[in-house]
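So you know, we letter chains A, B, ... as the sequences are listed, proteins then strands, and number each from 1.
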2 protein chains.
Amino acid sequence: MRIGELAARAGTTTRTLRYYESRGLLPARRGDNGYRTYDEEDLKLLRQIRTLQDFGFDLEETRPFVECLRAGHPEGDSCPASLVVYRHKLAELDTLIEQLTSVRGQVAAQLARAEAAVPGGPEPKCELGGHA
Amino acid sequence: MRIGELAARAGTTTRTLRYYESRGLLPARRGDNGYRTYDEEDLKLLRQIRTLQDFGFDLEETRPFVECLRAGHPEGDSCPASLVVYRHKLAELDTLIEQLTSVRGQVAAQLARAEAAVPGGPEPKCELGGHA
DNA sequence: CCTTGCCTTGACGTCCGGGTCAAGGCTTAC
DNA sequence: GTAAGCCTTGACCCGGACGTCAAGGCAAGG
């Protein structure tokens with residue numbers, strides 16, 4: 001399988017695959033003509049990367065999962081190093097969600113306070129002051 | 001007041017102030033020597049920007065607040081345009097928090113599943129299989 | 001006068017995950 | 001043979017909010 005086919009089958013682009021290779025994440029064998037050659041295993045690795053990326057993992061954070069699969073384990077998270085990343089990500093998410101929730105509350109409070117002063121409220125039912 | 005002092009009093013850097021000026025957000029008057037000159041009002045505007053930035057607002061999103069203050073209003077959010085930004089930010093935060101919470105759940109589920117297979121669990125009390 | 005420290009502009013670097021050419025080689029089908 | 005469609009590398013572009021020089025002007029103190 002060449003780069004275009006792999007990209008298509010994984011729903012990504014050739015540029016992305018070359019980028020992964022440049023990061024040492026998904027190296028490719030080369031054919032006699034210099035073309036990159038991939039197999040089904042690479043597709044599996046790539047899908048693992050993409051899944052984690054969709055979850056918001058950094059590229060670097062997907063590395064343990066890929067190496068785990070490459071080491072012959074059935075799943076990318078069959079290795080302790082992957083679990084460490086999972087836990088780290090969970091903690092990161094918790095912190096982030098907490099912060100965002102806090103900010104959300106503060107912004108909501110500011111909005112409520114400001115709306116009391118400026119009648120340009122949520123809905124244009126401005127028939128309290130002027131009757132026309 | 002010159003740029004260094006303003007930066008120090010607002011807890012930011014001169015580079016940041018020049019950047020804001022380049023964006024047209026916080027223009028400065030100039031003294032005879034070409035030095036930027038600021039007053040207490042600018043400090044107020046700057047603090048407004050910084051507060052919103054800390055909340056995660058884009059620079060552009062702070063513009064209505066700054067213009068509101070510059071128009072003579074007591075607060076940066078005393079204008080309808082600012083309220084629009086508040087509401088937009090709230091919606092954005094809600095969406096984001098929702099997504100992150102969903103991801104958090106999925107990651108937690110993956111972790112739980114993987115931990116069942118790999119005994120390298122949260123704490124090293126591995127005295128279930130081997131007794132030594 | 002000299003040093004130190006603040007100021008000026010301009011320009012390039014950073015981080016991240018790629019997108020978008022450009023110029024040329026290979027392959028495949030007709 | 002030739003055109004289309006794949007592949008190669010290299011190099012620059014994106015956004016956001018600045019950081020980090022570089023090279024030089026200006027001000028204040030001794």
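Sequence order on DNA chain D of the closest nucleotides to A:Thr37 and B:Glu60 puts A:Thr37 first from the 5' end.
Protein atom CG of A:Asp32 is 9 Å distant from nucleotide atom P of C:dT27, rounded to whole Å. Atom CG of A:Asn33 is separated from atom C1' of C:dT28 by 13 Å (rounded to the nearest Å). Here C:dG17 presents its P atom at 10 Å from CG of A:Leu25, a figure rounded to the nearest Å. Atom-to-atom, CZ of A:Arg2 to C1' of C:dG25 comes out at 13 Å; the value is rounded to the nearest Å. Rounded to an integer number of Å, the gap from B:Tyr38 OH to C:dC7 P is 10 Å. The interatomic distance linking A:Met1 (CE) with D:dC7 (P) rounds to 12 Å, in whole Å. As rounded to whole Å, 14 Å separates atom C1' of D:dC7 from atom CD of A:Glu5. A:Arg63 has its CZ atom 13 Å from the P atom of C:dC16, to the nearest Å.
OP1 or OP2 of D:dC18 has at least one side-chain nitrogen or oxygen of B:Gln53 nearer than 4.0 Å. Note on A:Thr16: a side-chain N or O is less than 4.0 Å away from OP1 or OP2 of C:dG19. Taking 4.0 angstrom as the limit, B:Ser22 places none of its side-chain polar atoms (N or O) nearer than this to OP1 or OP2 of C:dG10. Phosphate proximity of C:dG18 to A:Tyr20: present, with a side-chain N or O under 4.0 Å from OP1 or OP2. Using a 4.0 Å cut-off, some side-chain N or O of A:Thr13 falls inside it from OP1 or OP2 of C:dG19.
Just one residue in the list B:Leu25, B:Val85, B:Ile49 forms a side chain to side chain contact (heavy atoms under 4.5 Å, CB included) with B:Arg63, and that residue is B:Leu25.
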- prompt: Please walk me through it: do A:Leu59 and A:Thr62 pass side-chain contact (heavy atoms from CB on, under 4.5 Å)?
  reply: CA-CA 5 Å; A:Leu59 256 195; A:Thr62 72; 4.2 Å; yes

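In this structure, the nucleotide among D:dG25, C:dC26, C:dA11 sitting nearest to the side chain of B:Arg15 is C:dA11. For B:Arg36, counting side-chain heavy atoms from C-beta on, the closest listed nucleotide (C:dG18, D:dA17, C:dT8) is C:dT8.
Looking at B:Leu45 and B:Glu41, their side chains come closer than 4.5 Å, going by heavy atoms from C-beta outward.
A donor and an acceptor atom never sit less than 3.5 Å apart when one is taken from the side chain of B:Arg18 and the other from the base of C:dT9. The base of C:dG25 sits within donor-acceptor range of the side chain of A:Tyr35, with an N or O pair under 3.5 Å.
Distance alone, capped at 3.5 Å, is enough to place a donor-acceptor pair between the A:Thr95 side chain and the A:Ala91 backbone.
Within 4.0 Å of B:Arg30, counting heavy atoms only, lie sugar-phosphate atoms of the nucleic acid but no base atom.
The minimum heavy-atom distance between A:Thr13 and A:Ala7, with the atom names listed, is C-CB, 3.6 Å.
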